[in-house]
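In each ligand, atom 1 is the first atom listed, and ligand 1 is the first ligand listed.
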Amino acid sequence: MLSNKTSSAVRSAINAIQHYKVLNILTHDCFETALETEQKISTEKKNDSPLHGRPILIKDNFCLRDTLTTCASKMLANFRPPYTSTIVQRLIDHGCIIVGKTNMDEFAMGTASWGAFGPVANPWSLTKTMATNEETSKTVLHIAGGSSGGSAAAVGANFVSIAVGSDTGGSIRNPAARCGCYGFKPSYGLLSRHGLVTLVNSFDAPGFFARNIDDLIYATNAVAGSDGADATLSSKPFQALKTSSESSKEKKRIVIGLPDDYDIRALSTEYRSCWQDLVHQLTETGEFLFRRVQIPHKPYANAAYTILSSSEIASNMARYDGIRYGHHTKNIDESKDTYETILKKTRDESFGERVRGRILAGNYYLLEENYEKYFVQSQRVRRAIANDYRKLFEEDKIDCLLTPVVSDDPITLAEYEQSNEIFSDNDGFTVDANLAGLPALSFPVRISSKGFPIGLQIIGPFMQDQALLSIAQRICSTYHFPFLDLSTQV
Ligand code: GLN
């Protein structure tokens with residue numbers, strides 16, 4: 001039985017998640033085990049990890065042994081992996097307590113966290129309404145961003161202080177901006193992908209949500225370093241990242257690039273002002289210098305992302321045949337169904353529209369007659385974009401770039417339901433960091449006139465994660481962001 005006393009951190013997190021069920025944050029809860037674990041570790045000798053005893057949430061595409069890992073897909077609705085991902089295991093080893101698996105877009109494709117188990121709602125919507133039934137909810141609740149929306153919403157609402165996400169084209173930074181918290185996508189290869197269900201092997205990066213930068217650092221330090229299980233992990237020994245109090249107080253002036261290519265027409269006046277105002281504010285401190293910069297190959301970035309990600313997706317999704325694991329159709333006609341028809345039924349029944357759309361697109365790009373003109377050409381664009389950024393950092397001595405993350409306030413769930421986009425225009429703000437493997441952080445800046453958080457993003461040089469986070473500390477210490485805290489109202 002679950003005890004109802006609220007003295008424990010885990011109990012408070014559970015109460016808040018249960019009270020705000022309308023946000024649909026979890027695909028699966030681990031409440032019982034979490035309470036037991038908390039009890040157990042409270043009697044053990046406390047280790048000195050700053051993460052010890054903290055309730056956390058894990059996006060539902062990270063494997064947790066014997067626990068449902070669904071990727072918010074019917075295809076994996078009953079999948080319990082026989083092993084735990086490196087990231088999750090190391091967090092557990094540091095004393096983190098896993099309270100649940102968070103809701104997301106199916107297989108992490110999308111920007112609304114709306115998979116087979118319904119949408120995650122943005123916690124900031126609840127500052128304006130108290131949704132009652134499901135139908136009214138859709139018109140008054142807003143999207144939480146995605147694909148790691150459940151993790152972002154839980155941290156944005158202060159149900160937990162840290163949550164795990166994955167970022168293939170923006171899936172940590174986008175929902176972090178929408179839910180008003182920090183979202184950190186480390187350099188590609190800094191953290192192990194072992195046990196993270198693959199979306200796009202060459203883009204996927206595990207990362208974190210938190211309400212301050214030090215927590216991002218604690219979590220990253222806890223999980224980084226070789227595990228012998230991910231060949232794309234950097235072979236350089238990991239240097240622990242320093243928190244704000246540990247890093248040197250030397251205040252070198254920071255040179256920040258403002259890429260004209262991110263100032264797109266779709267960017268709302270209010271979101272553009274937020275970007276410009278922060279530049280003015282930071283300039284006035286005398287510690288930051290801004291330069292306008294160009295990314296010559298930016299116009300091709302979205303196309304390259306679309307083609308490369310769809311191609312890798314088509315190949316990765318082939319493993320879901322319903323035979324080795326996952327959903328298997330019950331609708332079989334023994335007399336005439338072949339392997340092919342059974343496979344088709346299984347996949348038709350269990351993949352959503354977006355997943356099917358991308359598999360179809362990916363297979364098209366990979367056709368023999370298209371391979372060179374789509375896939376290979378996109379690889380060239382990818383290299384050219386990586387070079388554009390490398391030049392800015394190495395030759396023009398730019399320390400980081402400051403850009404928007406999304407173009408406007410979130411739309412309602414009802415509005416999102418009407419659209420049937422396979423890719424989002426907002427991906428344009430985030431995909432470059434994945435194409436080039438760069439570290440990037442989305443941070444909350446202020447509240448829009450309609451009462452939603454507005455975030456901005458900084459992007460830094462490859463494997464300069466420490467420098468990027470130190471710059472973020474300096475930027476964010478110049479203003480006060482009014483974080484949301486729904487947990488106190490439970
Ligand atoms: N929105 C992007 C997409 O749908 C990013 C996904 C991700 O980062 N997992 O491809």
**Prompt:** How would you list, by chain and number, every residue that makes a ring-ring contact (aromatic ring centres under 6.0 Å, His included) with Tyr271, sequence neighbours excluded?
**Reply:** none

**Asked** What pairs with Tyr218 under ring-ring contact (aromatic ring centres under 6.0 Å, His included), at least two apart in sequence or on another chain?
**Response** none

**Prompt:** Are side-chain N/O atoms of Ser470 and Gln466 paired as donor and acceptor at under 3.5 Å?
**Reply:** yes

**Item:** Atom indices of ligand 1, in the order listed, that fall short of 4.0 Å to a heavy atom of Ser147
**Value:** 9 (N)

**Request:** Note the single closest protein heavy atom to atom 10 (O) of ligand 1, along with its residue, its atom name and the distance in Å.
**Result:** Tyr305 OH, 2.6 Å

**Request:** Please identify which atoms of ligand 1 are closer than 4.0 Å to at least one heavy atom of Thr111.
**Result:** 1 (N)

**Request:** Could you tell me whether Gly110 and ligand 1 have an N or O pair separated by under 3.5 Å?
**Result:** yes

**Request:** Check the angle between the aromatic planes of His194 and Tyr83 and answer parallel, tilted or perpendicular using the 30° and 60° thresholds.
**Result:** tilted

**Message:** For Val431, which part has a heavy atom under 4.0 Å from ligand 1: side chain, backbone, both, or neither?
**Reply:** neither

**Request:** For ligand 1, note which part of Arg358 has a heavy atom under 4.0 Å away: side chain, backbone, both or neither.
**Result:** side chain

**Prompt:** Are Phe184 and Tyr182 an aromatic pair by the rule of ring centers under 6.0 Å?
**Reply:** no

**Prompt:** What atoms of ligand 1 come closer than 4.0 angstrom to any heavy atom of Met109?
**Reply:** 4 (O)

**Prompt:** What are the atoms of ligand 1, with element, lying closer than 4.0 Å to any heavy atom of Ala108?
**Reply:** 6 (C), 7 (C), 9 (N)

**Asked** Looking at atom 7 (C) of ligand 1, what's its closest protein heavy atom, distance included?
**Response** Ser171 OG, 2.4 Å

**Asked** Considering distance alone, does some N or O of Gly146 sit under 3.5 Å from an N or O of ligand 1?
**Response** no

**Asked** Do any nitrogen or oxygen atoms of Lys59 come within less than 3.5 Å of a nitrogen or oxygen of ligand 1?
**Response** no

**Distance-only donor-acceptor check, side chains Asp432 and Tyr389, under 3.5 Å** = yes

**Request:** Consider only side-chain N and O atoms of Asn201 and Asn316, and report whether a donor and an acceptor are under 3.5 Å apart.
**Result:** yes

**Prompt:** Of all the atoms in ligand 1, which lie at a distance below 4.0 Å from a heavy atom belonging to Gly169?
**Reply:** 5 (C), 7 (C), 8 (O)

**Message:** Can you report which non-hydrogen protein atom sits closest to atom 1 (N) of ligand 1, along with the distance?
**Reply:** Asp427 OD1, 2.8 Å

**Asked** Do any nitrogen or oxygen atoms of Leu199 come within less than 3.5 Å of a nitrogen or oxygen of ligand 1?
**Response** no

**Prompt:** If you measure only the distance, is there a donor-acceptor pair under 3.5 Å linking the side chains of Arg193 and Thr232?
**Reply:** yes

**Complete:** When Ser113, Ser171, Ser147, Ser151 are each screened for side chain to side chain donor-acceptor pair (under 3.5 Å) with Lys59, the one that passes is Ser147

